[in-house]
Amino acid sequence: MSRVLVDAAAGAVVTLALSFLPFSSLAGGASAAYRDGGGYWRSFAVGALSGAVAGVPLLALFAPALWLAGRLGFGIPPGAPAYDLFLAIAFALFACYTVGLSAVGGLAGAAIRRHTEFDLDPASVL
């Protein structure tokens with residue numbers, strides 16, 4: 001089981017390193033699943049775990065940015081009656097984006113590993 005956690009952590013590092021690019025969670029989930037080398041269901045789970053691990057530091061940046069945007073007048077201000085609903089929707093979309101795209105990336109990583117003949121593992125080059 002520790003191998004799964006190491007692969008998920010490696011995928012989370014890829015997600016965080018590429019976080020300035022859109023859809024970086026796809027690349028993180030794909031790299032985690034490719035390293036794991038399991039079947040499609042296992043790769044889906046490893047990708048989702050990678051997204052959950054990457055979501056923690058990303059959430060540490062997302063929450064203050066969301067609060068600051070509300071204070072500056074963008075979106076719904078924090079004192080509005082529907083602010084709680086807005087936060088619930090914003091955090092649900094954040095989770096779908098981070099964890100969901102990593103899980104889909106996990107499926108892509110499994111497909112790449114099964115249907116390619118060349119080795120994409122960076123450890124084999126070093």
Side-chain angles (χ1 to χ4, degrees):
M1 189 58 149
S2 65
R3 177 74 180 158
V4 171
L5 295 176
V6 169
D7 294 336
V13 168
V14 170
T15 299
L16 293 173
L18 297 176
S19 64
F20 62 94
L21 296 173
F23 306 109
S24 64
S25 299
L26 281 170
S31 65
Y34 187 86
R35 282 180 48 97
D36 185 57
Y40 286 109
W41 284 108
R42 182 178 167 115
S43 296
F44 183 81
V46 169
L49 183 61
S50 171
V53 171
V56 173
L58 290 175
L59 188 62
L61 297 173
F62 179 69
L66 191 62
W67 178 82
L68 183 63
R71 281 287 188 206
L72 292 176
F74 300 105
I76 297 177
Y83 189 65
D84 293 338
L85 177 64
F86 169 72
L87 284 180
I89 292 171
F91 284 111
L93 289 175
F94 174 79
C96 287
Y97 181 82
T98 306
V99 178
L101 282 180
S102 289
V104 171
L107 291 175
I112 290 170
R113 186 166 184 98
R114 282 193 178 194
H115 300 293
T116 57
E117 296 175 3
F118 50 91
D119 190 15
L120 295 176
D121 188 17
S124 66
V125 177
L126 300 175

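From a predicted model like this one, the values you see are computed outputs, not experimental measurements.
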Should L66 and L87 be marked as a side-chain contact (heavy atoms from CB on, under 4.5 Å) after you check the CA-CA gap, both sets of side-chain angles, and the distance that decides it? CA-CA 9 Å; L66 191 62; L87 284 180; 3.5 Å; yes
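Here the CG-CG distance, from L5 to D36, works out to 10.5 Å after rounding to the nearest 0.5 Å. Rounded to the nearest 0.5 Å, atoms CZ (F44) and CG (L49) are 12.0 Å apart. Here the straight-line distance linking atom CG of L58 with atom OG1 of T15 works out to 7.5 Å at 0.5 Å rounding. Separating the CG atom in D7 from the OG atom in S2 is a distance of 9.5 Å, to the nearest 0.5 Å. Separation of atoms CG (L61) and CG (L16) is listed at 9.0 Å; rounding is to 0.5 Å. From S102, atom OG reaches atom CZ of F23 across 12.5 Å, with rounding to the nearest 0.5 Å.
In the hydrophobic clustering of ILVMFWY residues, with side-chain heavy atoms under 4.5 Å counting as a link, V104 and Y97 come out together. By the rule that hydrophobic residues join a cluster once side-chain heavy atoms approach within less than 4.5 Å of another member, Y34 and V13 end up as members of separate clusters.
Between P64 and L59 the shortest heavy-atom distance is CD-O, 4.2 Å. The two residues A110 and S43 make their nearest non-hydrogen contact at CB-OG, 3.3 Å. Heavy atoms only, all atoms of each residue included: W67 and Y83 are closest at CA-OH, 4.3 Å. Residues A48 and V99 approach most closely at O-CG1, 3.7 Å, considering heavy atoms. Across every non-hydrogen atom of S19 and S24, the tightest pair is CA-OG, 3.6 Å. The two atoms that bring G11 and A32 nearest to each other are CA-CB, 3.9 Å, heavy atoms only.
Partner of R35 under the side-chain contact (heavy atoms from CB on, under 4.5 Å) criterion, chosen from V46, V14, V6: V6.
Between V4 and R42 there is a side-chain heavy-atom pair separated by less than 4.5 Å.
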